[in-house]
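Below is one structure, written out as structure tokens, with a few remarks after it.
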Amino acid sequence: MEYKFRDIEKKWQQWWKEKNIYKVENASSKPKCYVLDMFPYPSGAGLHVGHPLGYIASDIFARFKRLKGFNVLHPMGYDAFGLPAEQYAIEHGIHPAVSTENNINIFRKQLDNIGFCFDWSREVRTCDPKYYKWTQWIFLQIFDSWFNRKIQKAQRISQLMKIFGETGNLQHEFPNEKFELPSGKTQFTAEEWKSFDERLKQEILMQYRLAYLAYTDVNWCEALGTVLANDEVINGLSYRGGFPVVKKKMRQWSLRITEYADRLLKGLEEIDFSESMKDIQTNWIGKSSGAEILFRIQAPTQSSPEGKESQRTEPRYRTAQTSLYHFTKILAEEKRKNPTHEEMLMWQRLKNNQTGFHIRRQHIIGAYMVDFACLDKLATIEIDGAYHNEPEIRKYDEARTKFLEENGFTELRYSNKMVRADIEKVISDIISKLSSLPSVPKKSESSKVFPSGGDLEGASFRVYTTRPDTIFGVDFMVLAPEHELVKQITAPPHSEEIEKYLLYVQGRSEVERMAEVKKITGCFTGAYAIHPFNKKRIPVWVSEYVLVGYGTGAIMGVPCGDERDHKFAKHFNIPITNIIGDYYNGEEANPTKDAVLQNSDFLDGMVMRDAIEVAIDKMEELKVGERKVNYKMRDAGWSRQRYWGEPFPVIFRDDIPYAMDEKDLPLELPPLNDFRSAGTGEGPLANAKDWVQISEHEKRDTNTMPTHAGAAWYFLRYMDPHNDKIFAEKKNLDYWGQVDVYIGGSEHAVAHLLYSRLWVKILNDLGYVDFDEPFRKLINQGKITGDSRFVYRIRNKNMFVSFGLKDQYETDPLHVDVNIVDGLELEIDAFRNWKPDFADAEFILENGKYICGSAIEKMSKSYFNVINPDTVVEKYGADTFRMYEMFLGPLEASKPWDIKGIEGVHRFLKKFWRLYVGEEKGLIVTNEPATNEELKILHQAIKKIQEDTERFSFNTCVSAFMIATNVLTDLKCHTRSILEPLLILLAPYAPHIAEELYQQLRSSKVLPLGEDLGGASSVVDATYPQFEEKYVKESSKTYPVAINGKTRTELTIALDATQQQVEELVLANDVVKKWMEGKPPKKVIYVKNRMVNVVV
RNA sequence: GCCCAGAUGGCGGAAUUGGUAGACGCGCUGGACUCAAAAUCCAGUGGUAGCAAUACUGUGCAGGUUCGAUUCCUGUUCUGGGCACCA
């Protein structure tokens, strides 16, 4: 009987399905094992041979564990929300739900073809309302939580409110250091808390919530009217269309993951992730410790910005008419303390540069006071209340408008009603109007307003440094271009240059800004900072290599100790102070901590390492700085301006977000046909007006959650996938617990893996799950790359030249479908039929053949190098495919797909088959007793395969199967007691052939299955064979014998030989004697079971 | 740029703690079976020299530690990955 793999595989796949072989129960006396693949996104392109690599590995492991007596949870489902489906909908008008469903069906068919043991009764899809109901529910739990730093745990908001009612926030400072109350304070007492109105209370609580709203940057493309993902932006231009992209602030949800930075770091110590994965996460979190130092700004003088110090204490800012200054100033201060409700609302949104513009409130211009002013853009913003409607006031208003116009101001007006109804619209209108205004006319004499020098009374900024010991080596300061002080402190002679520079930086990505170290850019602001200790004047620069989001957005430049600072100083000819003596050679910076400090005032003579603490202590003593732990990680942006994601389960009542009632979940996506964004920066949901606007005072969020949301907890849902009372029953969560083995690509290193770790930690804090880390062990499978083929077209001709001759012509390489290339030789007829353009193509051949070029690249449709697993399975069978994918190399390594080697694996399975089944006779297994040699082969295989499977070294397992099969074939072994255990060993790898042979053995009357292996109804539930040492034990070993480390001969020596016996035996050997050339042996090294070495 | 991983025959790879480098498979060469082919089987296969025994050489490159290094250390070159909205 032939090995008819196609029939066999179809038959058993069907049988497994009918018998529900892969259904897993939540209750079992067996130990549990949870084997999980990373959630796949069902893309329209379907699976290529690279995708199943991890699935095959996890499938083998799951089957292996089941044979070993575990209750194994091995589920599969779909991360079905996401951008590609939405983009497809925009381009083809097909609803994401429809294309996603189609894609899932294709995906499923491809998976089924490979014979995986998934329990499909547990399938989940993130886009299913029954699923995302619980995604929303968990989001609400996060929204209803805050992080108590004292106990390093999340607690309910009600707990926080109770604390506020008792002690205010004196025990729990605002997590966001920049936040301040309308009074300008950052602390409040219990009494004050009680006196706050609802709006302020909610605003304060928002500062603590683990899911919170704030203004954060997006990539905004005005021309496309949409927000773009980072990888849709290239060199500051949109990927589609090449339109300019700028950073824009939008009010969005964030998760306060920064509060968990320390716990996420600590958790890494107890989980089994690869070192590189831990490194990536550690870097991402980016914990460092050092000091935050306060630098005061010295205001530049108008007349001589670079000149000598001015002692002026009066503010330089002179928009106010001098005679009225004091009067209006008092008035302004008065008004600031008693803002109207709407003014306060606005101020919460406008302050602290949230809009990207520096806006002041109750500002005096001339003799007039405006509600808000953006002086960089010469714009004022008025909130028009009833107050302004009185005739007298109106007259005043008109005079003011006239005055402002004459002085080049643009006035923006909004009614109180508008502010109350839709503040978002007002804010986004302000942003867009301000964006369209030119920045302050630089040399306008008519204007009484100068863009700089103002408000500098007490102006200061903070820098974060890990090297406070180098404080006396500071030669310059650098602010991030986005730093809020930049425009304020820039002196007029420099403002044009700065403006230009800021424009340049706006179009640069962070990676570009960090990466290009050779290209040094920057711009002097004209301002000086004052050294906190020696009061030296330090020039303040702006440069793109400082990022606003990291630390304080400002650094102190220490050229002798930091290479980047050094290059900067050299490039701009800034004099360099040497504080490390000989350690600095004048050519390059030296980041040492071992130097003895010089030129460093009170730190002189100290080793840098020790000076760090001394410097910080002194700073704290003088109140110019403080000890500080810093994290590179920022809070996670959780809003997407997209349709195809989970809607936020919140309702805005008068712009204050409130959690939806749990019983109203899920909040389903409204039906929509047009998925283009609203053009205002809002997502497509803004077009569903009825859905968004619930009532006059109630609105929904038009954003949706990122795909990370559904994927942050799906592994919990598999434990109880159909529960409609809770996301998963506690007893199931307790039984299955952590994922024991998680297999997937390293591309998820920071996003998915950090967010799911975060969600589990929060659920753990809130008492829903008992574990703190979701994944006990993580394995990153490598990628299978494609092997592309190229043809070379002669420019402007429909003529193609073979690879070896292409250099004689001017050619362009074109990707050619790998399916019409045999090795490197192009099938010319197939090529002509491939595309109409090539029907008349002519060829220049070498040796009568057209030879293609080749390259290893990502497997991608656009490279025509995609191999569909279906075609491989059709030709060789699923078992061959599974084993070949494993045989290609180590699971974690990336490797190119090469179909050639698959023949060898296929041949192995045929050879394996022939151990059991004769060509004509059918089953040829006998009950002969096994020989010692056969038993040795079997038990060597059991040991090797068991150990290697446990450590995910599947490629060496395949080799081991081949070796065993080769030797047993040579021995003509057909013994049941050898072949039956061997079959079970193979079952995880090649389940179909194993099931077929197992069932043949079972149904054979003369050959009842061995009781010790379970005699189960399916090979899936057989018992894994037990390794027995006695069969592989040997009494002697053939040792390599080396003289001076070079192997010269072999000797068989008894394993229990003593050192002395070995020495005698070895020295008596002729070959050894020859190589010793009569010299006496210095030493004989004998390592038992390894080797012998004679040193002469 | 920063961080990480990797480099072994013509190819994919093996060598688990420093102990016979190249297991296993592909490819290639020769042979058996066959009218022929496919399939299957047998033998050989890192390089150089040699009929052979054997010798020398060999794990990206340059050094070092060691009786002994693919493995450990230092430096270096190249390749791949990550660096915050693809998933």
Side-chain angles (χ1 to χ4, degrees), chain A residues 38-43 79 81-84 87 217-219 227-233 239 274-284 286 510-519 545 549 563-564 632-634 636-642 706-708 711 745-752 754 780 782-783 785 856 884 887-890 892-905 907-908 910-911 914 947-948 951 953 955-956 958-963 966 1038-1050 1082-1085 1087 1089-1096:
Chain A
M38 280 188 193
F39 220 16
Y41 176 78
S43 89
D79 188 11
F81 275 134
L83 200 58
Q87 193 57 39
D217 272 332
V218 294
N219 297 312
V227 173
L228 300 175
N230 275 349
D231 74 337
E232 293 176 308
V233 184
Y239 172 68
S274 70
E275 280 312 309
S276 77
M277 182 60 54
K278 289 184 182 181
D279 284 342
I280 290 174
Q281 292 210 350
T282 306
N283 289 343
W284 185 269
E510 284 194 8
V511 175
E512 287 166 344
R513 285 169 56 173
M514 300 295 285
E516 287 176 37
V517 123
K518 280 177 200 143
K519 190 169 143 197
Y545 77 89
E563 193 50 42
R564 232 167 15 179
K632 204 157 81 191
M633 181 166 68
R634 290 164 239 167
W638 212 249
S639 290
R640 299 290 184 271
Q641 293 69 39
R642 305 285 176 189
T707 58
H708 306 304
S746 57
E747 64 271 26
H748 296 285
V750 278
H752 162 60
L754 273 179
N780 294 117
K783 285 193 182 67
T785 45
I856 303 295
Y884 182 57
F887 187 61
L888 273 175
E892 296 180 75
S894 286
K895 51 244 158 187
W897 175 260
D898 178 6
I899 194 69
K900 275 189 206 150
I902 201 168
E903 297 278 357
V905 175
R907 246 171 254 162
F908 150 72
K910 285 202 267 191
K911 197 166 179 178
R914 283 198 305 275
E947 283 177 4
D948 285 5
R951 64 186 183 94
S953 175
N955 56 329
T956 53
V958 179
S959 293
F961 280 121
M962 288 172 170
I963 292 166
N966 288 345
T1038 303
Y1039 283 88
V1041 180
I1043 288 92
N1044 283 337
K1046 279 188 188 278
T1047 306
R1048 296 301 179 184
T1049 188
E1050 286 178 347
K1082 215 188 233 169
K1083 203 171 161 192
V1084 176
I1085 295 157
V1087 183
N1089 238 328
R1090 293 288 184 195
M1091 44 62 71
V1092 181
N1093 188 17
V1094 182
V1095 186
V1096 181

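Excluded from the calculations below are hydrogen atoms, water molecules and symmetry mates; all remaining heavy atoms, backbone and side chain alike, are included. The chains referred to below are lettered A, B, ... by the order of the sequence lines, with proteins before strands, and numbering in each begins at 1.
In this structure, W638(A) and H708(A) have tilted ring planes: the angle between them lies in the 30° to 60° band.
Base contact: I1085(A) has a heavy atom under 4.0 Å from a base atom. In this structure, K900(A) reaches the sugar-phosphate backbone alone: every heavy-atom distance under 4.0 Å involves primed, P, OP1 or OP2 atoms, never a base. Within 4.0 Å (heavy atoms only), P40(A) reaches no atom of the nucleic acid at all. Counting any heavy atom pair closer than 4.0 Å across all strands shown, T1049(A) reaches no nucleic acid atom. Within the nucleic acid shown, S953(A) has no heavy atom closer than 4.0 Å to any nucleic acid atom. In this structure, Y41(A) reaches the sugar-phosphate backbone alone: every heavy-atom distance under 4.0 Å involves primed, P, OP1 or OP2 atoms, never a base.
For P84(A), whose side chain is taken as the heavy atoms from C-beta onward, the closest listed nucleotide among A87(B), A84(B), U16(B) is A87(B). For R640(A), whose side chain is taken as the heavy atoms from C-beta onward, the closest listed nucleotide among A23(B), C85(B), C3(B) is C85(B). The nucleotide whose nearest atom lies closest to any side-chain atom of M633(A) is, among C24(B), G13(B), A84(B), A84(B). Comparing U17(B), U20(B), G12(B) against the side chain of L888(A) picks out G12(B) as the nearest. The side chain of W284(A) lies closest to A84(B), out of A84(B), U20(B), U16(B). The side chain of S959(A) has A23(B) as its nearest neighbour among G19(B), A23(B), U20(B). Picking from A84(B), C41(B), G12(B) the nucleotide with the shortest atom distance to the side chain of K911(A) gives C41(B). Of all nucleotides listed (A87(B), U16(B), U20(B)), A87(B) comes nearest to the side chain of L83(A).
Taking a pair to require two hydrogen-bonding distances under 3.5 Å in either a Watson-Crick or a G-U wobble arrangement, G22(B) remains unpaired. The base-pairing partner of A62(B), taking Watson-Crick or G-U wobble contacts with both distances under 3.5 Å, is U74(B). Pairing partner, A39(B): none, since no Watson-Crick or wobble contact has both distances short of 3.5 Å. In this structure, U17(B) forms no base pair with any nucleotide, since neither Watson-Crick nor G-U wobble geometry is met with both distances under 3.5 Å. With a 3.5 Å ceiling on both atom-pair distances, A52(B) lacks any Watson-Crick or G-U wobble partner. The partner of C2(B), taking Watson-Crick or G-U wobble pairs whose two distances both stay under 3.5 Å, is G82(B). The base-pairing partner of A87(B), taking Watson-Crick or G-U wobble contacts with both distances under 3.5 Å, does not exist among the strands shown. Nucleotide G44(B) has C28(B) as its partner under the Watson-Crick or G-U criteria, with both atom distances under 3.5 Å.
Of all heavy-atom pairs between T707(A) and F81(A), the closest is CG2-O, 3.1 Å. When all heavy atoms of W284(A) and L754(A) are compared, the pair lying nearest together is CD1-CD1, 3.2 Å. S274(A) and N780(A) get closest at one heavy-atom pair: OG-OD1, 3.8 Å.
Atom C1' of U76(B) sits at a distance of 27 Å from the matching atom of A15(B), rounded to the whole Å. Here the separation of G18(B) from G50(B), taken at their P atoms, is 41 Å to the nearest Å. Comparing the C1' positions of C24(B) and G31(B) gives an interatomic distance of 24 Å, to the nearest angstrom. Of the C1' atoms belonging to A21(B) and G13(B), the separation is 13 Å, rounded to the nearest Å. Between G19(B) and G12(B), the two P atoms lie 25 Å apart (nearest whole Å). Atom P of A38(B) sits at a distance of 46 Å from the matching atom of C72(B), rounded to the whole Å. Taking atom C1' on both U34(B) and C41(B), the two are 13 Å apart, rounded to the nearest angstrom. A distance of about 41 Å separates the C1' atoms of A39(B) and U57(B), rounded to the whole Å.
Regarding N966(A), its CG atom lies at a distance of 13 Å from the P atom of U40(B), rounded to whole Å. One atom, NZ of K632(A), and another, C1' of G82(B), lie 11 Å apart when rounded to the nearest Å. Between D279(A) atom CG and G80(B) atom C1' the separation is 16 Å, expressed in whole Å. Across the protein-nucleic acid pair, E892(A) atom CD and G81(B) atom C1' stand 14 Å apart, rounded to whole Å. Rounded to whole Å, atom C1' of A5(B) lies 16 Å from atom NZ of K278(A). The distance between atom CZ of F908(A) and atom P of C41(B), rounded to the nearest whole Å, is 13 Å. For the pair K910(A) NZ and A39(B) C1', the computed distance is 7 Å after rounding to whole Å. The CE-P distance, from M962(A) to G13(B), rounds to 15 Å in whole Å.
Comparing V1087(A) and H708(A), the nucleotide of RNA chain B nearest to each residue sits closer to the 5' end for V1087(A). If K783(A) and R907(A) are placed on RNA chain B by their nearest nucleotide, the residue sitting closer to the 5' end is R907(A).
With a 4.5 Å cut-off on side-chain heavy atoms, W897(A) and Y884(A) count as touching.
Using a 4.0 Å cut-off, some side-chain N or O of R1048(A) falls inside it from OP1 or OP2 of C56(B). Taking only side-chain nitrogens and oxygens, N955(A) comes nearer than 4.0 Å to OP1 or OP2 of A14(B). For the pair K895(A) and A7(B), the criterion of a side-chain N or O lying under 4.0 Å from OP1 or OP2 is not met.
Taking the O4'-C1'-N9-C4 or O4'-C1'-N1-C2 dihedral as appropriate, G10(B) has a value more than 90° from 0 and is therefore anti.
Proximity of a side-chain donor or acceptor of R640(A) to a complementary backbone N or O of G637(A) within less than 3.5 Å is detected. Remark: the backbone N or O of K783(A) is paired with a side-chain donor or acceptor of S894(A) at under 3.5 angstrom.
The closest side-chain donor-acceptor pair between K1083(A) and N1093(A), if any, does not fall under 3.5 angstrom.
At a cut-off of 3.5 angstrom, counting only N and O atoms as typed in the model, there is a donor on one side and an acceptor on the other between the side-chain of N1093(A) and the base of C67(B).
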From CA spacing to verdict: side chain to side chain donor-acceptor pair (under 3.5 Å), K911(A), N966(A): CA-CA 8 Å; K911(A) 197 166 179 178; N966(A) 288 345; 2.8 Å; yes

